Structure formats: structure tokens, C-alpha cells
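Both ligands and their constituent atoms are indexed starting at 1 by order of listing. In this text, all values refer to a predicted model and were calculated from it rather than measured experimentally. Only this structure's heavy atoms are used, side chains among them; waters, hydrogens and symmetry mates stay out.
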Amino acid sequence: MVGRAVSGADIGPGRALAQPCRRRLARRPRCQGTTLVLEVKNLSIEFSTRRGTVKALDRIDLSIAPGEIVGLVGESGSGKSVLSYAISGLLDASARIVSGEIRWHGAVIEPVRERRSTRAAIAQIFQNPRASLNPIMTVRRQLGDVAGRDRVLSLLDNVRIDPNRADHYPFELSGGQCQRVGIALALGCEPELLIADEPTTGLDVTTEAAIMALINDLSERRAMATLLVTHNLALAAAHCDRIAVMHAGQIVECGPAERLAYSPMHPYADQLLASVPQHSETADDLRTVPGLLPDLAGPLLPCRFAPRCDRHQADCDVSPPLLMALSPQHFVACRHPLC
Ligand SMILES: Nc1ncnc2c1ncn2[C@@H]1O[C@H](COP(=O)(O)OP(=O)(O)OP(=O)(O)O)[C@@H](O)[C@H]1O
């Protein structure tokens, strides 16, 4: 594969995500030249299971600058949660670090719960919001403990929850309300890095827009870095500065959001883009990425996407494709990328 320079003019009309990208392009580039908040370098993680060794993460490289919003996009089972738990220091002790490290403001931090001395200023919004709330404490008490009693009502207002709910317990709230309280709790910590794992799943579009606007606002005003973990490439394209696409435990493409959303170069990223529903399509037109993720506990081909790839050629089976720089900000791991 030959790397080539990518310029804004290269972005063709293709199969663009129409509205989100236009909004995304309006975002200011930010915090350029500042020290990175987070660097994940060559991180490989395995789990020993009865079925064999699950190779959950393979040589992951990812960095986030202050104020930057980075999307981590991929199908279910691609390793997004394992990576975000590793960054939060929440991996359980069954995880084995095969290679690499995670750096927080330049200092190495441990991905595994028992071994991290400080939790630093990283907050995570979890996929299952009810489970992350304390069932025997009211919303007011939980938010007050984290952010101070005087901020409870403004935090509830931020996530569009009626202030009358402040004295309710989690079991008295709907799933969506629990999710919004979980988001208020995470933002109430005023984190330097927010890991938002599917933060708006199950919310109505108005609330989704309000929550994403809040995350955008905090990232701009307080330089909060955000890792937005999602299956939804359109959501990532709308709100992120950069997007990293994960497939079967590997980052296969990473680059500016507008580039990924208009003309991705890895065949998997292209298939993900093709599977984003468009307004004009009928239900019959809905597409999915063909084939299944490989079993990460089984033998893996040099290119983990090969069996699903319509650009597969004999040289793909020789050795794993390396992540190659196409431009300073754009990387692809494929011998036969789209161009
Ligand atoms: N504690 C564990 N023990 C064994 N295997 C695990 C463990 N945690 C995750 N895995 C495996 O690691 C792989 C990646 O899982 P992960 O939960 O990170 O995927 P994901 O992309 O976050 O999926 P989803 O979007 O459904 O949450 C899967 O094959 C999963 O079965």
C-alpha cells in the first residue's frame, strides 16, 4: 500500500453522511500543539477463558488532546468497551496486558483495577445507566456527593430532567432518566477526560441533541477531552474531531471525522458507512456489514477482516497489515485501501 497526502479537496461527495458532517466541519480545530491528555501505545490485551485465549485488543494506538472529541466506532464485540475500561482502569484482574501502555499526561497508568493508584480525572458514562447508580440513594444525594449540593439542580437542568425528580430513587426513574442522571454524575465530576460509552442509546432525539450539545460545550469551554464510544458512525461524524474505527480488537482506520464520514479508505469503515441508514431509504434498503466478526478466541487470519472483505487478495494472507500514515492525521491498516 502506498501512503498519499490527503487534503480537504480530496473529500469527494461519495456516500456522505449529509447533515452531521456539515455541522462537524463547522467546529474549530482546537488545542493544537498542546500536551496530550491520553496516549494509548501498542496496547494488546487478552483474556484467558475456557474456550481459549480471547485476543480482545491488538496493538492499539490512540491519543486524545485536551478539548478533543474522538469517536471510537465499531460493531458489537469489536473491543470498544475493553479499551475504554482499560483507559478508566476498570478492567478486571482476568485481563492480561500482552504489550503496550497507557499514558495519562505522560505518566504510565495501569489498565487493571487493582493496580491503579489514582483514578485521575477520568469519568465514564456506562452503557447500563441503572447499574451505575446507587439504588438506595436519591438523585439529589448522589449528584450532591459528587458535584456539591448547590450544583444539583443545574446539572439536572443540563440533562433535561425535571428538578422535581431530585428526591427520587433510581427505581422510580425510567431507563432514559437513569441514563441522563448517569451523564449528570459523570459531568458533575468535571472530568478532564469523559469516556461516553453509547451515551445516548435509547434516548429521544431531542435529549440526544441536548446531551451531545452539552458534551460539545464542555469540551470547548473547559477543554474536556472526550472518547465517544458508539456503533453509530453518523453520531460520531456529527460530534467528533477524529474517529477511530475498530474491527475485531484492532484499529483499522483513524482520521479526521469529516474524512471518515465522506470517504473512508478501509473497506470495513466503508461498509460501516454504507450501513448508516439514509433518510431516503426504505426498510428494504437497510444494509449491514456482510459476514461476522471472527471469534477472538480462535485462530485469527493475518488480516482479521479478510473473510468479509470484497477487496481481499492473496497478499492479504501473508502478514498482518500495518497501520500506515496517509497523512499526519490519517492512518489505515489495509494493503488494498479504497482510493
Ligand atoms: N472479561 C472478559 N473475559 C473474556 N472475554 C472478554 C471479556 N471482556 C470482553 N471480552 C471479549 O472481548 C471482545 C470485545 O468485547 P467488548 O465488550 O470490548 O466489545 P464492544 O465493541 O464494546 O461491544 P458492545 O458494543 O456490544 O459493547 C469480545 O469478544 C468479548 O467477548
Side-chain angles (χ1 to χ4, degrees), residues 38 40 43-62 70-100 102 110-116 122 124-132 175 179 182-183 186 194-203 208 226-237 240 243-254 260 266 268-269 271-273 275-276 288-289 291-301 303-305 307-308 333:
L38 180 86
V40 179
L43 186 68
S44 299
I45 291 181
E46 295 178 350
F47 295 96
S48 294
T49 68
R50 276 177 298 171
R51 291 190 313 112
T53 303
V54 175
K55 298 167 204 72
L57 295 185
D58 183 48
R59 294 167 292 141
I60 298 293
D61 286 309
L62 188 73
V70 175
L72 189 61
V73 181
E75 292 164 287
S76 184
S78 55
K80 306 180 302 295
S81 298
V82 173
L83 179 55
S84 52
Y85 283 6
I87 294 169
S88 297
L90 295 177
L91 281 183
D92 59 64
S94 67
R96 195 167 74 84
I97 316 305
V98 180
S99 72
I102 303 175
E110 295 293 343
V112 176
R113 193 190 299 256
E114 281 77 7
R115 285 188 271 147
R116 183 172 289 191
I122 303 175
Q124 181 152 3
I125 299 169
F126 295 95
Q127 279 181 28
N128 180 354
R130 204 180 286 280
S132 64
Q179 197 158 12
I183 292 167
L194 175 70
I195 300 179
D197 195 345
E198 301 284 356
T200 57
T201 302
L203 298 181
E208 174 179 289
T226 303
L227 183 66
L228 178 66
V229 180
T230 178
H231 304 110
N232 186 338
L233 187 53
L235 185 78
C240 296
I243 295 176
V245 176
M246 278 195 89
H247 176 268
Q250 299 174 321
I251 290 182
V252 295
E253 183 165 359
C254 183
L260 268 285
H266 194 283
Y268 176 63
Q271 297 277 5
L272 272 186
L273 182 59
S275 63
V276 172
T288 55
V289 180
L292 297 174
L293 283 174
D295 179 0
L296 298 179
L300 291 163
L301 295 170
C303 172
R304 297 183 181 187
F305 187 61
R308 316 173 74 182

Pick out the protein N or O atoms lying less than 3.5 Å from any N or O of ligand 1, and list each pair with its distance.
| unit_1 | atom_1 | unit_2 | atom_2 | d |
| --- | --- | --- | --- | --- |
| ligand 1 | 18 (O) | S81 | N | 3.2 |
| ligand 1 | 18 (O) | V82 | N | 2.9 |
| ligand 1 | 19 (O) | G77 | N | 3.4 |
| ligand 1 | 19 (O) | G79 | N | 3.3 |
| ligand 1 | 21 (O) | G77 | N | 3.3 |
| ligand 1 | 21 (O) | S78 | N | 3.0 |
| ligand 1 | 21 (O) | S78 | OG | 3.4 |
| ligand 1 | 21 (O) | G79 | N | 3.1 |
| ligand 1 | 21 (O) | K80 | N | 3.1 |
| ligand 1 | 21 (O) | K80 | NZ | 2.8 |
| ligand 1 | 22 (O) | S81 | N | 2.8 |
| ligand 1 | 22 (O) | S81 | OG | 2.7 |
| ligand 1 | 23 (O) | G77 | N | 2.8 |
| ligand 1 | 25 (O) | K80 | NZ | 2.9 |
| ligand 1 | 25 (O) | H231 | NE2 | 2.9 |
| ligand 1 | 26 (O) | S76 | OG | 2.4 |
| ligand 1 | 27 (O) | S81 | OG | 3.4 |
| ligand 1 | 27 (O) | Q127 | NE2 | 3.1 |

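When only modelled atom types and interatomic distance are considered, T230 and N232 share no side-chain donor-acceptor pair under 3.5 Å.
Although no hydrogens or angles enter the test, the distance criterion places no donor-acceptor pair under 3.5 Å between the side chain of R51 and the main chain of A297.
The shortest distance between side-chain heavy atoms of V245 and Y268 falls below 4.5 Å. With a 4.5 Å cut-off on side-chain heavy atoms, H231 and S78 do not count as touching.
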Checklist entry - Please walk me through it: do F126 and L90 pass side chain to side chain contact (heavy atoms under 4.5 Å, CB included)? => result CA-CA 12 Å; F126 295 95; L90 295 177; 3.7 Å; yes
For residues 52-60, run the donor-acceptor check on the side chains, cut-off 3.5 Å, and write out each pair with its distance to 0.1 Å, sequence neighbours left out.
| unit_1 | atom_1 | unit_2 | atom_2 | d |
| --- | --- | --- | --- | --- |
| D58 | OD2 | Q250 | NE2 | 2.6 |

